[in-house]
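Working notes, beginning with the structure itself.
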Amino acid sequence: FTSWLYLAWFMLGFQRSGPFIISAFEMMASDIPAFLMVLSVFIGAFSSVMYVMSGNLGLGFFLTDLEFCLMLLLGQADFDQLDETRQVWPVFMKIITVGYLLTMV
């Protein structure tokens, strides 16, 4: 990966590639960290709601809910886990899950 950055450093001198390299570096320095911060806030908020609504206590259950939100964002969620562990308000949990998907996608 660092060799590509090293190559990009030398590509700055060319008239056709220099502005693209500068805009890519500016995007990596400002836009991507801001996006990741907003993304982490939404993931943390929805996993906290799922943890509170599940009725289970402990760090392990919170990490399970956090993992479920991350896998849901990537499209690889196990919905059987949602039905098994969310017995307090299962319909509301499904509404929260759909709301999370609509917010993130």
Side-chain angles (χ1 to χ4, degrees):
F1 177 74
T2 58
S3 62
W4 287 109
L5 292 176
Y6 192 61
L7 177 69
W9 176 258
F10 287 111
M11 294 295 287
L12 281 172
F14 294 104
Q15 187 176 10
R16 293 185 143 220
S17 63
F20 293 117
I21 301 293
I22 290 172
S23 66
F25 282 149
E26 287 176 356
M27 186 181 359
M28 284 191 289
S30 63
D31 295 341
I32 293 176
F35 171 74
L36 291 176
M37 181 60 98
V38 170
L39 182 71
S40 65
V41 166
F42 274 100
I43 288 175
F46 277 102
S47 63
S48 296
V49 166
M50 293 179 83
Y51 172 71
V52 169
M53 298 303 295
S54 69
N56 297 326
L57 298 175
L59 182 63
F61 290 110
F62 177 72
L63 293 177
T64 303
D65 293 334
L66 183 64
E67 178 188 7
F68 180 74
C69 285
L70 287 172
M71 289 297 131
L72 193 62
L73 180 65
L74 296 174
Q76 308 231 345
D78 183 19
F79 288 101
D80 295 333
Q81 174 190 359
L82 185 67
D83 291 333
E84 292 172 3
T85 60
R86 313 301 193 271
Q87 298 299 328
V88 179
W89 291 338
V91 175
F92 187 68
M93 291 304 291
K94 290 179 183 174
I95 292 171
I96 291 292
T97 305
V98 169
Y100 174 73
L101 283 173
L102 291 176
T103 303
M104 300 310 278
V105 176

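Every heavy atom of this structure was used, including side-chain atoms; hydrogens, water molecules and symmetry mates were not. Because the structure is a prediction, the values reported are computed rather than measured.
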Is it true that [X] and [Y] fall in one hydrophobic cluster, defined by side-chain heavy atoms closer than 4.5 Å?
X: Val38; Y: Val49; value: yes
X: Leu74; Y: Phe42; value: no
X: Ile32; Y: Phe35; value: yes
X: Met28; Y: Leu12; value: yes
X: Phe62; Y: Leu57; value: yes

To the closest 0.5 Å, what do you measure between [atom1] ([X]) and [atom2] ([Y])?
X: Leu7; Y: Thr2; atom1: CG; atom2: OG1; answer: 11.5 Å
X: Leu39; Y: Leu70; atom1: CG; atom2: CG; answer: 8.0 Å
X: Phe25; Y: Leu5; atom1: CZ; atom2: CG; answer: 5.5 Å
X: Ile22; Y: Met27; atom1: CD1; atom2: CE; answer: 13.0 Å
X: Phe46; Y: Phe68; atom1: CZ; atom2: CZ; answer: 12.0 Å
X: Trp4; Y: Met11; atom1: CH2; atom2: CE; answer: 10.0 Å

Tyr51 (side chain) donor-acceptor with Gly58 (main chain) under 3.5 angstrom: yes
In terms of heavy-atom contacts, Ile21 and Ala8 come closest through CG2-O, 3.7 Å
When every non-hydrogen atom of Gly44 is compared with those of Ser47, the smallest separation belongs to O-OG, 3.1 Å
- Message: Can you confirm whether Phe20 is buried at CZ, in the sense that more than 12 heavy atoms of other residues, nucleotides or ligands lie under 6.0 Å from that atom?
- Response: no
